[in-house]
Amino acid sequence: MQQNSPTATIHALASWWEEMGVAVDHGEIQALLKAASPAASPSATSDQAATKPATPAKRRRRAGAKSVAEWVAEATALAAAADSAEALKRAVEGFDGSPLKPLCEKTVVFDGVPGAPVMVIGEGPGGQEDRTGLPFVGKAGQLLDKMLAAISLDRKTNTFITNVNYWRPPGNRNPEADELAVCRPFVDRLIDLTQPKIMLAMGGVAAKTLLDTKTGIMRLRGNETVFTTPGGTSVPVTPMFHPAYLLRRGADKSRAWRDLLLAQTRLEEMGISL
Ligand code: URA
């Protein structure tokens with residue numbers, strides 16, 4: 001049997017990902033090619049042409065595959081049929097509409113207490129989360145737990161933790177619009193089912209996705225916005241810096257602290273004791 005060279009295999013893998021609708025991380029592919037063959041330098045134009053990242057608009061769809069709109073419709077029906085957070089989790093796990101899913105070990109839906117007064121919503125799983133199936137368990141998650149503990153919140157008693165995307169994007173890139181779109185009906189339904197009193201949106205991706213705005217986290221944070229799901233649940237959302245950002249920019253921790261106090265005050269005003 002003929003053996004493909006490692007570089008041919010990497011090219012084939014990148015093409016297959018593109019065929020699956022995944023935006024290939026060009027930098028990662030170049031690093032793999034370089035590791036597989038010292039001759040394959042990052043400046044080799046043929047390699048670049050073969051692994052050029054696909055923009056969502058350019059993604060090719062396999063014959064017979066569903067469109068994003070069809071997957072969104074399927075997600076909406078599955079989400080509507082779920083009558084509890086656990087049922088919704090099972091529905092997400094059985095859903096095949098995200099192009100990211102075949103690249104992942106686990107589907108990461110939520111952790112914590114369904115029905116808790118506080119819902120934390122992040123961007124999506126990273127490596128540790130993909131391995132364990134739980135949100136916010138890596139380094140950023142550990143910082144999140146410390147931040148929550150500072151205002152008497154924790155995932156064992158009074159906090160529910162989820163994301164706007166349930167599958168890890170390759171190389172931890174930001175999730176793309178269609179990847180977020182197919183998760184959205186589940187996100188909205190989870191809010192309807194768990195009825196949080198307040199939400200903390202961690203980072204720009206989560207805040208912009210949830211609030212459907214292009215405004216960046218620098219301007220969104222520190223201000224509460226009432227968000228209403230299509231199902232009619234209204235919740236005040238406080239956008240905050242993502243803990244992964246705070247790990248890199250420790251100087252902004254004081255601003256994150258102010259945002260946490262804002263959330264705590266809001267809970268007190270609502271008569272919720274933690
Ligand atoms: N970052 C997120 O936004 N969510 C996770 O679950 C983990 C890291």
Side-chain angles (χ1 to χ4, degrees), residues 23 25 28 85-86 88-89 92-93 95 98 100-101 103-114 116 118-149 153-156 158-177 179-184 186-188 190-191 194 196 198-213 215-218 220-221 227 235 237-250 252-253 255-256 259-260 263:
D25 184 326
E28 278 211 347
E86 280 299 336
L88 187 119
K89 182 169 184 264
V92 178
E93 286 166 348
F95 175 69
S98 172
L100 298 173
K101 190 179 182 186
L103 308 173
C104 294
E105 269 187 49
K106 297 256 167 68
T107 297
V108 180
V109 187
F110 66 75
D111 192 17
V113 185
V118 179
M119 177 186 279
V120 171
I121 189 158
E123 165 179 336
Q128 287 271 94
E129 290 77 17
D130 183 44
R131 281 187 287 280
T132 58
L134 293 170
F136 280 107
V137 289
K139 282 212 169 88
Q142 287 159 25
L143 176 57
L144 173 68
D145 284 341
K146 285 186 192 151
M147 290 162 68
L148 295 174
L153 295 175
D154 73 85
R155 58 176 100 194
K156 294 261 180 288
N158 54 19
T159 307
F160 184 76
I161 302 182
T162 187
N163 282 306
V164 291
N165 164 46
Y166 304 118
W167 293 277
R168 182 197 185 197
N172 292 342
R173 64 161 170 73
N174 285 349
E176 296 191 349
E179 295 156 4
L180 291 165
V182 297
C183 294
R184 187 56 192 253
F186 297 116
V187 172
D188 288 330
L190 205 44
I191 296 168
T194 58
I198 65 164
M199 292 178 69
L200 305 177
M202 294 294 162
V205 172
K208 290 197 280 187
T209 303
L210 199 65
L211 302 176
D212 193 21
T213 175
T215 307
I217 190 67
M218 289 293 168
L220 288 174
R221 64 150 287 277
F227 162 73
V235 196
V237 177
T238 301
M240 299 192 44
F241 288 131
H242 195 285
Y245 167 83
L246 294 171
L247 285 173
R248 296 191 302 272
R249 287 284 306 247
D252 275 326
K253 280 187 183 162
R255 290 203 272 175
D259 297 343
L260 281 172

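Atoms within a ligand are numbered from 1 in the order they appear, just like the ligands themselves.
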Centre-to-centre under 6.0 Å for Tyr166 and Phe95, is that the case here? no
Applying side-chain hydrogen bond (donor to acceptor under 3.5 Å, both in side chains), name anything that partners Lys208, two or more places apart in sequence or on another chain. none
Are any of the side-chain nitrogens in Arg184 or Asp188 under 4.0 Å away from the carboxylate oxygens of its partner? yes
How would you list, by chain and number, every residue that makes a side-chain hydrogen bond (donor to acceptor under 3.5 Å, both in side chains) with Asn158, sequence neighbours excluded? none
Taking atom CG of Asp111 and atom NZ of Lys156, what is their separation to the nearest 0.5 Å? 6.5 Å
For Phe227, the ring-ring contact (aromatic ring centres under 6.0 Å, His included) test, sequence neighbours excluded, returns none
Under a 4.0 Å heavy-atom cut-off, what residues line ligand 1? Gly122, Glu123, Gly124, Glu129, Pro135, Phe136, Asn163, His242
